[in-house]
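From a predicted model like this one, the values you see are computed outputs, not experimental measurements. Hydrogens, waters and symmetry mates are skipped; everything else that's a heavy atom, side chains included, is used.
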Amino acid sequence: MAGTGITYKFEIAFGGSVEGLFRIGVSTVGGTDVISGWPADAGYDDVTEDAVAFSLRRGRSNDQAQLMAGTASFRLRDQSGKYNPANTSSPYYPNIVPFKVVRITATYSGTDYAMFYGFITNIANNANPDMPITTFMCADLFAWLSLRKPTISATGSTTTGAAIGAVLDEINWPASLRSLDTGDTIDDFAADGTKTSLSLIKTLLDAEMGHFYIAGDGKATFKNRAARYASLSSLSTIDGASEALMAFQSTNSVATIFNAATVTRTGGAAQTATNTDSINAYGRRDMGALTTTYVATDEQALARANLRVVRFKDPKSPATATMFSAPDTTAAMLARDFGDRVTINEPFQNTSDKEYFVESIAQSSQASAGVQRHVTQWRLSEVPAAAGIPVIIDVTGIGNYIGA
């Protein structure tokens, strides 16, 4: 499958298994019937020649939302029924079933770009002689983490990254598919089997104010709260004058403003931070209170509350940029991932040199009027003005506010 200089590769590990992972409908939640060990990726079947179209989405709706499971779907021509789960004569039978590993890769100008790594969740076969198509629906690791309820012994003093690693260890997620920052030091971490893996990670992120996502190559990725501010320059520029920017939409809503926040460490006193200028301009707007076991002192709790206010005290203009593949956009469309810093120039409404963080990525390719076109949509959040970016130790060179 190819379009506008991009070639795609679709692979399904029909012969592989997902040993070590919780199996929906087979394993008991919190049970002991999970086979240990994770096999090396093996036996990928290249189904590219049958690919007709695909779409995928990873990320979140805005900079205040939780990350969601990445999803992908792709359609394969199926004249012979080889992708039909009910066809006992298929060369892939009896392995046309959910939970097989899927990889989608794009190649452009000699560079490979990992676009999606996940698991088949649904297979829909259409035995229509005029349009024989089998559609595969897929989800990334988040789909597993939202169901598995692990039991983890107390670790003692550890870090946010190591605690997330312990959650991934419990499902035997391989080290080769992890990229975890160290993050904060925390007193202890444990799990009693009552919370899902995703809930456990969320509580760690609430305290850390970092991010956890599944990258296009399948790596479970944790970034500490300073990570996105460490990049002081844009990684890519999209110029609307090139006509590759199909659409650009932005909003400015009071819903993005929070000028009061309360954080309480377990056993400590509530710590509330406010910003008077913002309250005078927009009225007091309280962010949801947070109680956490993962800050050690009231001073640290107050620092987290202050940081929340710093990030959200001013109105922002989140945006959506829709682009199609062109010589000056294709590499950026394929290379960028969650949290990357980009610049948009949109001349019609004079959005000039505006910098954003990428919050979600949607990509698709399909034929239209005989032309194969790759389309990318980014949901974007504004990079705050310099005055709104917390000082980052070892990046800005002074202060330690963000690390408190």
Side-chain angles (χ1 to χ4, degrees), residues 57-71 142 146 198-199 201-203 205-213 223 225-229 238 245 247-264 270-292 301-322 336 338-344 346 348-352 354-362 377-390 402:
R57 181 179 294 276
R58 299 185 292 110
R60 60 183 180 175
S61 57
N62 58 60
D63 62 347
Q64 300 169 35
Q66 293 297 317
L67 289 165
M68 301 177 291
T71 59
F142 269 56
S146 64
L198 201 58
S199 294
I201 292 173
K202 180 183 180 300
T203 59
L205 297 177
D206 285 342
E208 170 80 33
M209 296 183 66
H211 304 98
F212 178 77
Y213 62 98
K223 297 291 187 183
R225 61 181 169 277
R228 63 168 50 188
Y229 300 104
I238 303 297
L245 186 63
F248 183 78
Q249 300 168 306
S250 62
T251 61
N252 196 305
S253 170
V254 70
T256 67
I257 303 171
F258 294 95
N259 46 39
T262 300
V263 177
T264 307
Q271 303 295 312
T272 299
T274 59
N275 182 273
T276 301
D277 290 342
S278 178
I279 290 173
N280 289 340
Y282 310 110
R284 177 160 173 154
R285 297 184 58 80
D286 286 88
M287 182 174 283
L290 170 66
T291 299
T292 177
L302 181 59
R304 297 295 189 279
N306 272 312
L307 183 53
R308 286 182 157 207
V309 171
V310 166
R311 288 189 177 178
F312 298 110
K313 64 183 176 63
D314 298 313
K316 291 180 287 186
S317 298
T320 301
T322 305
R336 298 284 63 85
F338 173 80
D340 284 350
R341 187 167 177 164
V342 298
T343 300
I344 303 291
E346 196 289 300
F348 180 66
Q349 292 286 343
N350 198 30
T351 303
S352 180
K354 189 75 173 179
E355 293 196 346
Y356 296 91
F357 293 122
V358 177
E359 301 295 348
S360 78
I361 299 168
Q377 185 180 84
W378 291 338
R379 289 185 182 270
L380 304 162
S381 64
E382 281 188 286
V383 174
I389 299 178
I402 201 167

- Query: How long is the gap from NE2 on His211 to CG on Leu205, to the nearest 0.5 Å?
  - Reply: 8.5 Å

- When every non-hydrogen atom of Ile257 is compared with those of Lys313, the smallest separation belongs to CG2-O, 3.5 Å

- Of all the heavy-atom pairs spanning Ala207 and Arg304, show the shortest one and how long it is. O-NE, 2.7 Å

- Task: Please identify each residue that fulfils salt bridge (charged side-chain N to carboxylate O under 4.0 Å, His left out) with Arg57, with sequence neighbours left out.
- Result: none

- Item | Between CG on residue Asn275 and CG on residue Asn306, distance to nearest 0.5 Å | 9.5 Å

- Task: Go through the structure and list residues passing salt bridge (charged side-chain N to carboxylate O under 4.0 Å, His left out) with Glu208, not counting sequence neighbours.
- Result: Arg225

- Message: Can you list everything that forms a side-chain hydrogen bond (donor to acceptor under 3.5 Å, both in side chains) with Ser360? Sequence neighbours excluded, please.
- Response: none

- Query: Going from CZ on Arg58 to CE on Met68, what distance comes out if it is rounded to the nearest 0.5 angstrom?
  - Reply: 12.5 Å

- Task: May I ask you to decide if Arg60's main-chain N or O and Arg379's side chain share a donor-acceptor pair within less than 3.5 Å?
- Result: no

- Query: Which residues pass the side chain to side chain contact (heavy atoms under 4.5 Å, CB included) test with Ala301, sequence neighbours left out?
  - Reply: Val263, Gln271, Val295

- Query: Does the side chain of Ile238 come within less than 4.5 Å of Trp378's, by heavy atoms?
  - Reply: yes

- For residues Asp206 and Thr292, determine if any side-chain heavy atom of one lies less than 4.5 Å from a side-chain heavy atom of the other. no

- Quick one: pull up CD1 in Ile361 and CD in Gln377 and give me the separation to the nearest 0.5 Å. 11.5 Å

- Item | Nearest atoms (heavy-atom pairs only) where Arg308 meets Gly288 | NH1-O, 3.1 Å

- Ser253: side chain to side chain contact (heavy atoms under 4.5 Å, CB included) partners, not counting sequence neighbours: Ala255

- Message: In the structure I gave you, are the side-chain heavy atoms of Thr251 and Pro318 within less than 4.5 Å of one another anywhere?
- Response: yes

- Go through the structure and list residues passing side chain to side chain contact (heavy atoms under 4.5 Å, CB included) with Ser381, not counting sequence neighbours. Asp63, Arg228, Phe357, Glu359

- Salt bridge flag under 4.0 Å for residues Lys316 and Asp314: no

- Item | Set of residues satisfying salt bridge (charged side-chain N to carboxylate O under 4.0 Å, His left out) with respect to Arg285, sequence neighbours excluded | none

- side-chain hydrogen bond (donor to acceptor under 3.5 Å, both in side chains) against Lys223, all qualifying residues, sequence neighbours excluded: none

- Can you check whether Thr320's main-chain N or O pairs, donor with acceptor, with Gln249's side chain at less than 3.5 Å? no

- Hey, are the side chains of Tyr229 and Pro384 touching, using non-hydrogen atoms and a 4.5 Å cut-off? yes

- Query: Once you round to the nearest 0.5 Å, how far does CD1 of Ile279 lie from CG of Asp286?
  - Reply: 8.0 Å

- How long is the span from the NZ atom in Lys354 to the OG atom in Ser317, to the nearest 0.5 Å? 6.0 Å

- Task: Mind listing the closest non-hydrogen atom pair of Phe248 and Ile344 along with its distance?
- Result: CE1-CG2, 3.7 Å

- How far apart are the closest heavy atoms of Ser278 and Asn259, and which atoms are they? OG-ND2, 3.1 Å

- Item | All ring-ring contact (aromatic ring centres under 6.0 Å, His included) counterparts of Phe258, not counting sequence neighbours | none

- Message: I'd like to check the side-chain hydrogen bond (donor to acceptor under 3.5 Å, both in side chains) partners of Thr272; sequence neighbours left out, ordered by chain and number.
- Response: Thr262

- Only counting residues at least two apart or in another chain, list the ones meeting ring-ring contact (aromatic ring centres under 6.0 Å, His included) with Phe142. Phe212

- For Thr71, all residues meeting side-chain hydrogen bond (donor to acceptor under 3.5 Å, both in side chains), sequence neighbours excluded: none

